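Index from 1, following the sequence. For clarity, every value in this text was computed on a predicted model and none was experimentally measured.
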Amino acid sequence: MLAPNTPPAVPSPNRVPDVTLDFWLIKLMAVTMGETAADYLAVNLGLGLTVTSLIMAGVLIVALVLQFAQKRYVPWAYWLAVVLISIIGTLVTDNLVDNFGVRLQTTTIAFSVVLAATFAVWYASERTLSVHTIFTTRREIFYWLAILFTFSLGTAAGDLVAESFDMGYLATGLLFGGVIALIALAYYLIHLNAVLAFWLAYILTRPLGASFGDWLSRPPEYGGLGFGTIFTSLIFLGCIIALVLSMTLRQTAGDADEILLESD
């Protein structure tokens with residue numbers, strides 16, 4: 001029971017966005033750009049996987065510090081972290097495969113186990129995996145760890161199907177897109193658990209976006225359209241910036257409306 005004259009506790013704001021169509025669109029673009037940007041930095045600029053990984057890890061740390069400092073969902077901070085962690089997720093898998101000779105089958109299984117362990121510890125600690133309740137620092141740490149491992153897992157799984165199974169990038173993208181569509185149907189038609197449906201779709205949008213990114217950027221002799229990593233990355237970066245700007249303007253307008261209502 002509240003003490004006399006003690007105001008009721010105000011719920012902490014959620015630190016991640018609502019799951020809307022805009023969310024899925026920008027997430028798909030972010031993972032697509034993560035694939036092509038990682039290839040551009042490591043290959044086209046000639047930095048190599050190791051140097052690129054170290055540089056981008058430093059940039060990601062700065063972005064996450066900014067994100068954690070917000071204590072609420074701020075579009076530019078959140079999506080900057082997503083784009084950078086998407087690049088790092090790609091680089092982690094590429095380093096394991098190219099620099100350390102770990103097979104894609106092994107990385108896919110390993111990241112599946114690590115992600116499952118992350119979810120298990122998260123649930124044991126918080127009793128929920130819902131992205132609608134990320135309002136403490138501990139939950140946000142679990143959230144970003146899960147995001148990192150979904151990106152690394154998605155990269156490994158996408159490359160495994162496209163390259164090791166020799167399906168090609170377009171067919172792989174269509175395959176994962178079809179699986180996501182089945183998850184959506186299961187959610188709407190047979191009421192698949194919302195949290196499970198979200199995380200399954202979140203994992204699978206990574207290989208979906210990465211496969212289409214490779215298909216757009218790779219030369220025709222490697223099964224792509226030959227647009228190149230620079231052009232492909234810039235196109236998706238422009239779309240991401242436009243969507244983030246739109247989200248920011250809508251959020252600002254919503255905050256202004258709340259202030260007016262409170263003043264009334």
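Within the 4.5 Å cutoff, the side chain of Leu243 has heavy atoms near those of the Met29 side chain. With a 4.5 Å cut-off on side-chain heavy atoms, Val179 and Leu200 do not count as touching. Proximity of Leu96 to Phe111: side-chain heavy atoms (C-beta onward) are separated by under 4.5 Å at one or more points. At a threshold of 4.5 Å between non-hydrogen side-chain atoms, the residues Thr107 and Val92 do not count as touching.
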Check against side chain to side chain contact (heavy atoms under 4.5 Å, CB included), Asn44 and Tyr40: CA-CA 5 Å; Asn44 295 75; Tyr40 171 71; 3.4 Å; yes
Step by step, work out the side chain to side chain contact (heavy atoms under 4.5 Å, CB included) result for Val97 and Asp159. CA-CA 10 Å; Val97 174; Asp159 288 348; over 6 Å; no
I'd like to know whether Arg15 forms a side chain to side chain contact (heavy atoms under 4.5 Å, CB included) with Thr137, so could you lay out the CA-CA distance, the side-chain angles of the two residues, the decisive distance to 0.1 Å, and finally the verdict. CA-CA 9 Å; Arg15 301 183 185 184; Thr137 298; 3.4 Å; yes
Is there a side chain to side chain contact (heavy atoms under 4.5 Å, CB included) between Phe212 and Leu28? Walk through the geometry before answering. CA-CA 10 Å; Phe212 280 117; Leu28 186 59; over 6 Å; no
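A donor-acceptor contact closer than 3.5 angstrom is absent between the side chains of Thr229 and Ser217.
Interatomic distance, CG of Leu216 versus CD1 of Ile235, reported as 10.0 Å (0.5 Å rounding). Distance CD/Gln105 to CG/Leu160: 5.0 Å, rounded to 0.5 Å. Rounded to the nearest 0.5 angstrom, Ile147 CD1 and Glu140 CD are separated by 11.0 Å. Between the CG atom of Leu54 and the CG atom of Leu91 there is a distance of 10.0 Å, given to the nearest 0.5 Å. For the atom pair CG (Asn193) and CG (Leu129), the distance works out to 9.5 Å, reported to the nearest 0.5 Å. From Gln67, atom CD reaches atom CD1 of Ile85 across 10.0 Å, with rounding to the nearest 0.5 Å.
Within the 3.5 Å criterion, the main-chain N or O of Leu49 finds no donor-acceptor partner in the side chain of Thr52. In this structure, the side chain of Gln70 engages the main chain of Leu66 through a donor-acceptor pair within 3.5 Å. Side-chain atoms of Thr108 come within 3.5 Å of backbone atoms of Leu104 as a donor-acceptor pair (strictly under, hydrogens ignored). Looking only at distances, a side-chain donor or acceptor of Asn14 sits under 3.5 Å from a matching main-chain atom of Val131. Using modelled atom types, no side-chain atom of Asp18 and backbone atom of Thr20 make a donor-acceptor pair closer than 3.5 Å. No donor-acceptor pair closer than 3.5 Å links the side chain of Thr150 to the backbone N or O of Ile203. For the pair Thr205 (side chain) and Ala201 (backbone), a donor-acceptor distance under 3.5 Å is present.
Trp79 and Tyr73 have their aromatic ring centers separated by at least 6.0 angstrom. Aromatic ring centres of Phe227 and Trp215 lie farther apart than the 6.0 Å criterion allows.
Connection of Phe119 to Ile109 is not established within any shared hydrophobic cluster, with ILVMFWY side chains joined at heavy-atom distances below 4.5 Å, either directly or through further cluster members. The same ILVMFWY cluster, assembled from side-chain heavy atoms under 4.5 Å apart, contains both Met33 and Val59. Criterion: ILVMFWY side-chain heavy atoms under 4.5 Å apart, direct or through other members. Under it, Ile134 and Val121 are part of a common hydrophobic cluster. A single hydrophobic cluster is not seen to contain both Leu245 and Phe23; linkage of ILVMFWY side chains at heavy-atom distances under 4.5 Å, directly or through other members, places them apart. Both Phe165 and Val102 are assigned to one and the same hydrophobic cluster, defined by single-linkage of ILVMFWY side chains at heavy-atom distances under 4.5 Å.
Note on ring orientation: taking the six-membered ring where Trp is involved, the planes of Trp122 and Trp199 are perpendicular (angle over 60°, cut-offs 30° and 60°). A tilted orientation is assigned to the rings of Tyr78 and Tyr143, their planes being inclined by 30° to 60°. Ring-plane geometry between Phe198 and Tyr202 is classed as tilted, the angle between the planes lying from 30 to 60 degrees on a 0 to 90 degree scale.
Scanning all heavy atoms of the two residues, the minimum distance from Asn99 to Thr50 falls at ND2-OG1, 3.5 Å. When all heavy atoms of Pro13 and Phe135 are compared, the closest pair comes out as O-CB, 3.6 Å. Across all non-hydrogen atoms, the minimal contact from Thr93 to Ser152 is OG1-O, 2.9 Å. The shortest heavy-atom contact between Thr232 and Gly213 is CG2-O, 4.4 Å. Listed here is the closest heavy atom pair of Leu208 and Gly173: CD1-O, 3.0 Å. For Ala37 against Ile87, the heavy-atom pair with the smallest separation is CB-CD1, 3.9 Å.
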